[in-house]
Amino acid sequence: MENKRINGNDLIALGYKENHAMGVALKINRKRLGFNREQMLANFKRVLEHPESYLEDAVFKPLAEVLLEIDTMEEEIIKLKEHAEVYTVFGEGNIEDGAKKQMNVAMKLPVTVAGALMPDAHQGYGLPIGGVLATKNAVIPYGVGVDIGCRMALSIFDLPATYLDTYSDKLKEVLLKNTRFGAGNGYLKHERTDHEVLDSSLFNADDFIRSLKDKAWTQLGSSGGGNHFVEFGMIEFATPDGALGVEQGKYLALLTHSGSRGFGATIAGHYTKLAKEICKLPYEAQHLAYLDVNQAEGQAYWLAMNLAGDYASACHQVIHDKIQSALGAELLAKVENHHNFAWKEQFNGEEVIVHRKGATPAGKDVMGIIPGSMATEGFLVRGKGKEAAIHSASHGAGRLMSRTQALKTLSTADLKAILEDKGITLLGAGMDEAPMAYKDIHKVMAAQVDLVDIVATFSPKIVRMADDGSRED
DNA sequence: ATGTCC
């Protein structure tokens, strides 16, 4: 009892605040170094009161430094608004509290103009996944997310859906031959594909971006891990779509979901770190650090983000081109949309920066793709331009279970039965992507009838994903 | 999401 381990509450009782210093103190405490509980607490109290006398101390130096740094920074910390701005939640009943709490913090940022939560929202890092945030002259790297420019691309071929049954073996082979998945994976020098995005002058913007070009080339045309996929399926137009020029019917289609690979992830990491150094926010909002788009750092991120977006698009183009020529098929229509990005848009008569982190652009008449899961339908949609949703919709069904929870509780036999029942061939994927780990896409669509109209329904038939989680070794 | 903390 007497020697019970010191925890955060003990430190708070001494006058510590819930910030970085507490973490440093607890880390020192883990070593103990011959002090008993009482002596350690007394030491922590003295360091807090007189950090300047501990700057040369062998044990407490790191804590003293952090405390002094926090003291001098206190006045630089940007104040949040006292009350969160009001925002609309779509599909309220099926959204976890963690996502709403994160959105509430985002709505208190001094740069926030408006926000909305999509019906597939769940907790993320900084801004929740499924969160839409409009700001004034500020871009939040974690409001875009790690996978900058992550998107959907759909090719509708001039081939009947019956092709899926008649030529299933050929399609399977085409998928295996023309895709490569997983973190760190890409193509060898002699396998690389060229694409005009590699000639973009933005790759010469600065040394940081330049240093990423070779790896970007290596990974061009590859797909990521986790929920990324390349799949063949049937797309059904119950009515003809004049705008797309597709007649009523069932067609063979290719649907892909992937992002900007290691290239975008490195950019996201670099600028999140920079934003946190420049923009000091209170503890609960620190991951929402933002950059001024009218200053050098914000402009550099903006250019890098846009290049990552172009690169992600190029990755999909490479995959679709390879597969289309392997099939020798004609293209009837193509639709593409990104769902992790920031845009300059007009909102309520002013220009704002709209962050969509796992949200599909759904401006009036804007086409988008909302996938379900490997075994459930996805939808080709047309936006209705709903103001309260900041011209957005969900980017999928949304997770019902965390990855760890899914891996722990779901059975492979159940997954196998579902796939068999629906006649779906699955190549790769871990149990964390099983359809049972996702919300019911039909409920999610029902929660956004005011945001999008359904144009066509896509049913996956041959699905390729990264093996076991994000690895493919 | 990414070879996961320079």
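Reminder, nothing fancy here: chain letters follow the sequence lines and each chain counts from 1. Everything numeric in this text was worked out from a predicted model, so none of it was measured.
Scanning for side chain to side chain contact (heavy atoms under 4.5 Å, CB included) contacts around A:R192 gives A:K189, A:D214, A:W217, A:T218, with sequence neighbours left out. A:H257 is linked by a ring-ring contact (aromatic ring centres under 6.0 Å, His included) to A:H228, A:F229, A:H339, counting only residues two or more places apart in sequence or in another chain. In this structure A:N104 satisfies the side chain to side chain contact (heavy atoms under 4.5 Å, CB included) test together with A:A84, A:Y87, sequence neighbours excluded.
Distance CD1 (A:I267) to P (B:dA1): 18 Å, rounded to an integer number of Å. Note: NZ (A:K276) to C1' (B:dC6) measures 15 Å, nearest angstrom. Distance A:H122 NE2 to B:dA1 P: 8 Å, rounded to the nearest Å. Atom CZ in A:F341 sits about 16 Å away from atom C1' in B:dA1, given to the nearest Å. B:dT2 atom C1' lies 12 Å from atom CG of A:N185, rounded to whole Å. A straight line from NZ of A:K273 to P of B:dT2 spans 22 Å, rounded to a whole angstrom. Between the CG atom of A:N340 and the P atom of B:dA1 there is a distance of 9 Å, rounded to whole Å. Nucleotide B:dT2 holds its C1' atom 14 Å from the NE2 atom of A:H257, rounded to whole Å.
Annotation: ring-ring contact (aromatic ring centres under 6.0 Å, His included) contacts involving residues 183-206 of chain A, sequence neighbours excluded, comprise A:F203-A:F263. Judged as a ring-ring contact (aromatic ring centres under 6.0 Å, His included), the pairs with a partner in residues 114-133 of chain A (not counting sequence neighbours) are, in order, A:Y125-A:Y142, A:Y125-A:H287.
Ranking B:dC6, B:dA1, B:dT2 by closeness to the A:A183 side chain, first place goes to B:dT2. Comparing B:dC6, B:dT2, B:dG3 by their nearest atom to the side chain of A:Q219 picks out B:dG3. Nearest nucleotide to the side chain of A:N227, out of B:dC6, B:dA1, B:dT2: B:dA1.
OP1 and OP2 of B:dA1 both lie 4.0 Å or more from every side-chain N or O belonging to A:R261.
Dense packing is recorded around NZ of A:K322, with more than 12 heavy atoms of other residues, nucleotides or ligands lying under 6.0 Å away.
Across all strands, A:G259 comes closer than 4.0 Å to no nucleic acid atom at all (heavy-atom distances). Counting non-hydrogen atoms under 4.0 angstrom, A:K357 reaches nothing in the nucleic acid.
Between the side chain of A:N340 and the backbone N or O of A:G149 there is no donor-acceptor pair closer than 3.5 Å.
Remark: nothing in residues 97-106 of chain A comes within less than 4.0 Å of DNA chain B through any heavy atom.
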